[in-house]
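Single-structure report; data block below.
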Protein chains: 2
Amino acid sequence: MSGLDRSLIAALPPFAGAGPAQLDAVLDEARSVYRARGSSLYEQDKPADSFFVLLHGRLRVTRLTPDGRQVVVRFAGPGELVGVAVALGRDTYPATAAAAVDSVALAWPSARWPQMLGLLPALAGAALQAAGARLHDAHSRIVELSTEQVERRVANALVRLSETTGRRVEQGILIDFPISRQDVAEATGTTLHNVSRILSAWEERGWVKGGRQRIVICEPHRLMSLGEGYPANRG
Amino acid sequence: MSGLDRSLIAALPPFAGAGPAQLDAVLDEARSVYRARGSSLYEQDKPADSFFVLLHGRLRVTRLTPDGRQVVVRFAGPGELVGVAVALGRDTYPATAAAAVDSVALAWPSARWPQMLGLLPALAGAALQAAGARLHDAHSRIVELSTEQVERRVANALVRLSETTGRRVEQGILIDFPISRQDVAEATGTTLHNVSRILSAWEERGWVKGGRQRIVICEPHRLMSLGEGYPANRG
DNA sequence: CGGATACTTGAGCAATATCAACCGACGTGG
DNA sequence: CCACGTCGGTTGATATTGCTCAAGTATCCG
């Protein structure tokens with residue numbers, strides 16, 4: 001008994017349909033880990049000895065190129081499986097996951113993955129679906145990077161972020177974790193400078209409101225139509 | 001009994017470890033389909049009513065953007081699972097798969113996927129691994145598109161193609177299916193014109209040998225070092 | 001208050017897309 | 001079997017996006 005409560009995970013997609021006994025058995029193997037903002041949960045190219053379910057917080061998952069450039073692969077939120085390298089047949093992590101805000105996750109030893117599949121027959125399906133969704137996202141980004149120009153990519157990225165992590169505030173929709181221009185640049189395949197210029201231009205039109213590591217989207221539909229290719233003429 | 005022989009699939013990764021009885025049961029539900037060069041096996045946004053294992057040939061899997069631009073998502077070869085939208089939790093195909101050469105595949109109704117998982121316990125793992133490998137590839141391409149310039153991307157794409165589909169010929173390694181400059185452009189996120197110019201430049205140096213829908217790589221190590229960032233100075 | 005970190009902005013330039021024209025190979029039908 | 005049409009490819013000129021370099025300004029935190 002590790003002192004973790006079933007209610008922590010019962011409602012999460014990966015554990016859907018599991019009974020109390022299974023949940024307890026699963027939790028029995030789990031260890032809960034805390035990461036302060038900025039520290040990393042796992043690191044690229046290190047042995048993938050654990051996999052995780054994020055309970056609380058937000059992770060910025062990045063990959064580093066041989067020549068030292070960083071690319072944001074995705075942002076992960078509560079309830080998501082992360083670091084499931086084993087399940088995907090790898091023995092090292094393909095990316096680094098850093099806490100964008102103070103975060104809590106459950107961790108299991110990678111070696112336990114097969115047993116967990118036995119314990120939770122639905123887990124394989126859930127993992128496949130999660131992998132499918134990520135694959136679909138990745139392909140969408142490839143298409144975007146291949147065909148769209150920077151301003152449209154930034155617009156799309158912000159719209160997606162506002163959908164998954166947005167919080168309604170007075171002036172619009174706030175992207176609810178500290179995100180720098182650099183982060184946006186690394187997520188859209190451009191430079192800090194371009195993102196800054198683009199956001200400044202939008203802010204001038206009242207479409208967004210910026211701040212230090214802070215973005216509020218005031219006119220979401222403007223960004224959406226921009227992302228769909230309608231030119232950014234004033235209006 | 002559909003008249004298909006176990007030996008067709010026994011050696012393929014998705015069916016690894018299955019016994020003769022299982023293989024027969026699986027084949028019993030399968031239908032074999034033939035696609036002439038240029039015709040499509042499944043189409044983007046259509047209901048995903050079948051999934052496939054490619055037995056022979058090569059597929060060009062593409063995605064079309066709303067504004068009509070095409071992007072090559074991947075090339076698939078013999079033994080690969082394709083069109084597994086169901087497994088990934090989708091009910092339409094996310095892309096179009098066209099035969100790059102005359103091709104043969106086995107097809108199962110999507111509705112049979114759950115039963116097949118029951119019949120072949122290893123299939124879920126194989127599918128997860130395949131999805132993981134594709135996810136990894138997709139992320140690599142995102143990183144590439146985000147950070148590398150066109151010439152390097154083209155070099156990397158050709159190296160990868162030569163590794164997966166290359167055939168040793170007198171002058172070097174031939175990419176063993178008809179591939180146009182346009183295809184390469186759509187696979188690397190650039191234009192036909194740039195690819196043509198780049199290949200012409202390389203041909204001048206004797207690194208590749210081009211032809212109509214034909215590419216032979218004469219000096220693979222040159223392209224590899226180019227792809228890893230060493231400048232394309234003569235040598 | 002001082003250092004560090006994030007952000008802004010401008011100028012110049014390189015990479016790459018676009019536009020335009022042309023060439024040549026393949027294959028099909030007369 | 002040849003002529004011609006189509007498709008794939010080449011090449012040049014031009015336009016433009018977006019990157020790099022270079023300061024300089026806010027904001028946060030200890």
Side-chain angles (χ1 to χ4, degrees), chain A residues 36-38 60 65 67-72 98 100-101 144-155 157-158 175 177-205 208-216 226 229 231-232, chain B residues 36-38 60 65 67-72 98 100 144-155 157-158 175 177-204 208-216 226 229 231-232:
Chain A
R37 177 179 167 188
R60 199 186 61 226
T65 68
D67 53 308
R69 300 182 57 153
Q70 225 178 34
V71 175
V72 173
V101 297
E144 227 180 82
L145 285 164
S146 297
T147 64
E148 291 173 14
Q149 46 197 59
V150 171
E151 190 179 36
R152 288 180 59 172
R153 301 206 301 266
V154 173
L158 292 193
I175 297 192
F177 64 96
I179 182 171
S180 69
R181 308 289 185 269
Q182 180 77 40
D183 290 333
V184 176
E186 286 172 2
T188 54
T190 182
T191 60
L192 155 67
H193 311 275
N194 280 315
V195 173
S196 179
R197 272 183 248 276
I198 288 167
L199 289 184
S200 294
W202 290 348
E203 186 153 6
E204 210 147 288
R205 292 175 190 177
V208 303
K209 180 102 187 52
R212 188 190 172 92
Q213 298 198 96
R214 188 187 147 86
I215 301 174
V216 180
L226 227 182
Chain B
R37 178 180 166 186
R60 201 186 59 225
T65 67
D67 53 305
R69 300 181 60 152
Q70 225 177 33
V71 174
V72 172
E144 228 181 80
L145 285 163
S146 297
T147 63
E148 291 174 14
Q149 46 198 56
V150 172
E151 189 178 37
R152 287 179 61 172
R153 301 205 301 264
V154 173
L158 292 193
I175 297 193
F177 64 95
I179 183 170
S180 68
R181 307 289 184 269
Q182 179 76 40
D183 290 334
V184 175
E186 287 172 1
T188 54
T190 182
T191 60
L192 154 66
H193 310 275
N194 279 318
V195 173
S196 180
R197 272 183 247 273
I198 288 168
L199 289 184
S200 294
W202 290 347
E203 186 153 8
E204 210 146 284
V208 303
K209 179 104 186 51
R212 189 191 172 89
Q213 298 198 99
R214 189 186 144 87
I215 301 173
V216 181
L226 228 182

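A, B, ... follow the sequence lines: proteins, then strands. Residue 1 opens every chain. Given the structure is predicted, the values throughout are model-derived calculations rather than measurements.
Look at CD on B:Gln213: it is 13 Å from C1' on D:dT6, rounded to the nearest Å. Remark: P of C:dC7 and CD1 of A:Ile198 are 14 Å apart, rounded to the nearest angstrom. The interatomic distance linking A:Leu192 (CG) with C:dT9 (C1') rounds to 12 Å, in whole Å. A:Glu203 places its CD atom 7 Å from the P atom of C:dT8, with the value rounded to the nearest Å. Rounded to whole Å, the distance from CZ on B:Arg152 to P on C:dT16 is 11 Å. Atom CG in A:Leu199 sits roughly 18 Å away from atom P in D:dA26 (whole-Å rounding). For B:Leu145 and C:dT16, the CG to P distance is 12 Å, given to the nearest whole Å. The CZ atom of A:Arg214 sits 12 Å away from the P atom of C:dC7 (whole-angstrom rounding).
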Verdict with reasoning, B:Thr147 to A:Asp67, per side chain to side chain contact (heavy atoms under 4.5 Å, CB included):
CA-CA 10 Å; B:Thr147 63; A:Asp67 53 308; 5.6 Å; no

Test A:Phe177 against A:Arg37 for side chain to side chain contact (heavy atoms under 4.5 Å, CB included), laying out the working first.
CA-CA 11 Å; A:Phe177 64 96; A:Arg37 177 179 167 188; over 6 Å; no

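When the side-chain nitrogen and oxygen atoms of B:Arg181 are compared with OP1 and OP2 of D:dG8, none of them lie within a distance under 4.0 Å. A sub-4.0 Å separation between OP1 or OP2 of D:dG8 and a side-chain N or O of B:Ser180 is absent.
Of all non-hydrogen atoms in B:Arg153 and B:Gly189, the two that sit nearest each other are NH2-O, 3.1 Å.
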Distances under 3.5 Å between nitrogen or oxygen atoms of protein and nucleotides 27-30 of chain D:
residue : atom : partner  : partner atom : Å
D:dT27  : O2   : A:Arg212 : NH1          : 3.1

Using atom names, set out every protein N or O paired with an N or O of nucleotides 12-18 of chain D below 3.5 Å, distance rounded to 0.1 Å.
residue : atom : partner  : partner atom : Å
D:dG12  : N7   : B:Arg197 : NH1          : 2.9
D:dG12  : O6   : B:Arg197 : NH2          : 3.1
D:dG18  : OP1  : A:Val150 : N            : 2.9

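Under the rule for a side chain to side chain contact (heavy atoms under 4.5 Å, CB included), B:Gln149 has no partner lying at least two apart in sequence or in another chain. Residues satisfying the side chain to side chain donor-acceptor pair (under 3.5 Å) test with B:Ser200, not counting sequence neighbours, are none. Among residues two or more places apart in sequence or in another chain, the salt bridge (Lys or Arg N to Asp or Glu O under 4.0 Å) test is passed with B:Arg152 by B:Glu148.
Counting heavy atoms from C-beta on, the side chains of B:Val184 and B:Ile215 come closer than 4.5 Å.
Distance check, rounded to the nearest 0.5 Å: OG1 of A:Thr188 to CG of A:Leu145 gives 8.0 Å.
Within the 4.0 angstrom heavy-atom criterion, no nucleotide atom of any strand lies near B:Gly210.
Within the structure, salt bridge (Lys or Arg N to Asp or Glu O under 4.0 Å) pairs that include any residue of residues 183-195 of chain A comprise A:Arg60-A:Asp183 (at least two apart or interchain).
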